[in-house]
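For reference, the structure discussed in these notes is given below.
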There are 2 protein chains.
Amino acid sequence: MPYDPSDFPPFAVTVDLVVLTVRRHALCALTVTRGEEPFQGQWALPGGFVRADEDLASAAARELAEETGLRTQDAGSQHAGAYLEQLATYGDPGRDPRMRVVSVAHLVLAPGLPAPTPGGDAGGAQWTPVPGLLAAGGGAGGARLAFDHARILADGVERARSKIEYSSLAAAFCPAEFTVGELRRVYEAVWGVALDPRNFHRKVTGTPGFLVPVGGTTTRQGGRPAQLFRAGEATALNPPMLRPEV
Amino acid sequence: MPYDPSDFPPFAVTVDLVVLTVRRHALCALTVTRGEEPFQGQWALPGGFVRADEDLASAAARELAEETGLRTQDAGSQHAGAYLEQLATYGDPGRDPRMRVVSVAHLVLAPGLPAPTPGGDAGGAQWTPVPGLLAAGGGAGGARLAFDHARILADGVERARSKIEYSSLAAAFCPAEFTVGELRRVYEAVWGVALDPRNFHRKVTGTPGFLVPVGGTTTRQGGRPAQLFRAGEATALNPPMLRPEV
DNA sequence: AGAATAGTGTCTATTAGACATTATCGT
DNA sequence: ACGATAATGTCTAATAGACACTATTCT
């Protein structure tokens, strides 16, 4: 089956970003407001065209920086910087009414940021709580996401939920130094469940290489001062942290 | 950031297939021999262009049927037919020296087939043992795979290895009816380890909905007749089957 | 003092891993 | 009889889940 350059139909290739963070105990995704048709005025995931000379991960990192100013450290060493990995590719004909667009979605896990509106670009990116975005039909308080972005977001959230089970990725939602309690609140926000603080503490501190004590303490959560940790070298969590049954 | 059709560079979009099976206790991948430059005479993964009017999964299923005659039942109910899921997308500039090609790789798990050469197309698809293909530099008995296909194959094999841990996907390597011992040999071939037959039996038969007894017995493995099962409705395996440490 | 959070310890039911034993075939 | 594989059972160490208790801060 020989290649013939005149043989292949023209495709546009884009990257879309599922950027997740935990703000005030809630899982939030980065959304932009569409300024034009189709889906004008609705929310969408940030994204854009892949350039002729860049690879897919670079395009995703560039779009992320343009929209939020966040720097990434794609796969591998965590912190400082957001975690980025490829999520999946969406290419149904008709997913964009204007032309054939194949979008390579990426998942970004970012530490909680104080700024209500992450710095930057046009369109006004903002953090939106995930539950409202995923509610069927875009129910209470949520406009429906444009294109097939609700599906992409759902896939990204499910990836994040399952990945923190068996990896140390939850630390990507935390600042460089964090407490056991702060890490637990990340799990609780991403999974939407309450975890036993004592069993959680035993689990994460008992896994070699998962947490590295950094020496100081903090009382930013109130109560007794808590030890500060940073993420350790271990990327795999074995045996995994089990997500409680629903 | 308005869309401008004249704005985006032209991409070719292809699907590549990592088709895995277990033959004679060995994990094998489907390979084709390249008939032209570049990489003429070397092995490559089967694949081809996505057509203008088909989605990505359909393109992968079509290519699979063209190369092997295998039918798929992409995601969801298993058997009869191969399991197909999207793997990842590879789009580095220069991964194909002739033009910018973004390839959406798919993973296919197929039951062991008796025919040495799966039916079909030009190029002569054949089953090749995975270890030789993945050996660094394409060592003993193995030509190096063309393009970045060694990387794609490695990613597909790793996906298969990790997915059978927590899902019932290993049954996709088996015929519609199979024994516990045959299923165990699939795990052993995919992971490359030996498992305890007694503990394995207890694990898989003790997980509700994983295996459904179908009534008959077989002696095709020799020894005492073994009960026949088919894959049950349960797709998740919780707690997971643990891959022994290396 | 009281509320809030951190950190450690205890008990139990479940399970993975190692291994013994019996059952039923083909040769 | 012998070798192969299937199927069930036993024992132990490790662990998840439930929960008691103490420690240290702020208001």
Side-chain angles (χ1 to χ4, degrees), chain A residues 22 24-25 164-166 174 177-189 191 193-208 210-230 234 236-246, chain B residues 22 24-25 164-166 174 177-189 191 193-208 210-230 234 236-246:
Chain A
V22 174
R24 280 172 288 144
H25 299 198
I164 64 175
E165 279 189 322
Y166 54 89
C174 295
E177 298 186 352
F178 54 90
T179 70
V180 172
E182 287 164 350
L183 186 64
R184 176 172 49 82
R185 276 177 271 277
V186 165
Y187 276 90
E188 292 177 332
W191 284 345
V193 298
L195 299 175
D196 186 290
R198 299 155 298 190
N199 293 338
F200 183 88
H201 190 283
R202 169 164 48 104
K203 175 75 178 176
V204 295
T205 57
T207 302
F210 188 42
L211 293 182
V212 178
V214 82
T217 61
T218 181
T219 60
R220 60 184 168 225
Q221 298 293 337
R224 170 177 170 179
Q227 277 186 280
L228 285 170
F229 296 87
R230 61 173 177 81
L237 193 51
N238 200 322
M241 173 100 53
L242 293 178
R243 186 171 4 170
E245 302 293 324
V246 185
Chain B
V22 175
R24 279 172 288 144
H25 299 198
I164 64 174
E165 278 189 322
Y166 55 90
C174 295
E177 299 185 354
F178 53 90
T179 70
V180 172
E182 287 164 351
L183 185 64
R184 176 172 48 83
R185 276 177 272 276
V186 164
Y187 275 89
E188 292 178 332
W191 284 345
V193 297
L195 299 176
D196 185 290
R198 299 155 297 190
N199 293 337
F200 183 88
H201 190 283
R202 170 164 46 108
K203 175 76 177 176
V204 296
T205 57
T207 302
F210 188 43
L211 293 182
V212 178
V214 81
T217 61
T218 181
T219 59
R220 59 182 167 227
Q221 298 293 339
R224 172 177 169 180
Q227 277 186 280
L228 285 170
F229 296 87
R230 61 172 178 81
L237 193 50
N238 199 321
M241 173 101 53
L242 293 178
R243 184 169 9 167
E245 301 293 325
V246 183

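Throughout, protein chains are lettered first and strands after them, A, B, ... in sequence-line order, and every chain is numbered starting at 1.
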For the atom pair CZ (B/Phe200) and OG1 (B/Thr205), what is the distance rounded to the nearest 0.5 Å?
-> 9.5 Å

Between P of C/dT5 and CG of A/Leu195, the distance in whole Å | 15 Å

In chain order, what residues pass the side-chain hydrogen bond (donor to acceptor under 3.5 Å, both in side chains) check against B/Arg224, with sequence neighbours excluded?
-> none

Starting at CG of B/Asn238 and ending at C1' of C/dT14, how long is that distance when rounded to a whole Å?
-> 13 Å

Bend angle of the helix from C/dA1-D/dT27 to C/dT27-D/dA1, end axes from five pairs each (to 10°) = 0°

Sub-4.5 Å side-chain heavy-atom contact between B/Phe210 and B/Lys203 | no

Side chains of A/Cys174 and A/Val22 in contact at under 4.5 Å (non-hydrogen atoms) | no

Please work out which residues in residues 217-227 of chain A have a non-hydrogen atom less than 4.0 Å from an atom of DNA chain C and list them by number.
-> A/Gln221, A/Gly222, A/Gly223, A/Arg224, A/Pro225, A/Ala226, A/Gln227

What integer distance in Å separates B/Leu237:CG from C/dT15:P?
-> 12 Å

With B/Pro197, which residues qualify under side-chain contact (heavy atoms from CB on, under 4.5 Å), at least two apart?
-> B/Arg184

Nearest atoms (heavy-atom pairs only) where B/Glu177 meets B/Glu182 | O-OE1, 4.5 Å

Is there side-chain contact between B/Trp191 and B/Met241, with at least one heavy-atom pair below 4.5 Å?
-> yes

Output yes when at least one side-chain N/O atom of B/Lys203 is less than 4.0 Å from OP1 or OP2 of C/dT15, else no.
-> no

For the residue pair B/Val214 and B/Phe178, establish whether any side-chain heavy-atom pair is separated by less than 4.5 Å.
-> no

Among the nucleotides C/dA20, C/dA6, C/dA18, which one has an atom lying closest to any side-chain atom of B/Asn199?
-> C/dA18

Given atom CZ of A/Arg184 and atom C1' of C/dA6, what is their separation to the nearest angstrom?
-> 9 Å

Can you tell me the distance, in whole Å, between the CG atom of B/Asp196 and the C1' atom of C/dT15?
-> 14 Å

First and last nucleotide of DNA chain D, 5' to 3', lying under 4.0 Å from heavy atoms of chain A | D/dA16 to D/dT25

Sugar-phosphate only, base, or nothing, as touched by A/Pro197 at under 4.0 Å among non-hydrogen atoms | nothing

Relative to the 5' end of DNA chain D, which residue comes earlier, B/Arg202 or B/Gly181, by the nucleotide with the nearest heavy atom?
-> B/Gly181

Whole angstrom is fine here: how far is it from NE2 in B/His201 over to C1' in C/dT21?
-> 15 Å

Distance in angstrom units between B/Tyr187 OH and C/dA16 P, rounded = 13 Å

Residues at least two apart in sequence or cross-chain that pass salt bridge (charged side-chain N to carboxylate O under 4.0 Å, His left out) with B/Arg24, listed by chain then number, are none

So, does A/Gln227 use its side chain to make a donor-acceptor pair with the main chain of A/Pro213 at under 3.5 Å?
-> no

Send over the distance from B/Met241 CE to C/dG17 P, rounded to a whole Å.
-> 10 Å

Side chain of B/Glu188, backbone of B/Leu195: donor and acceptor closer than 3.5 Å?
-> yes

Contact check, side chains of B/Leu228 and B/Thr179, non-hydrogen atoms, under 4.5 Å | yes

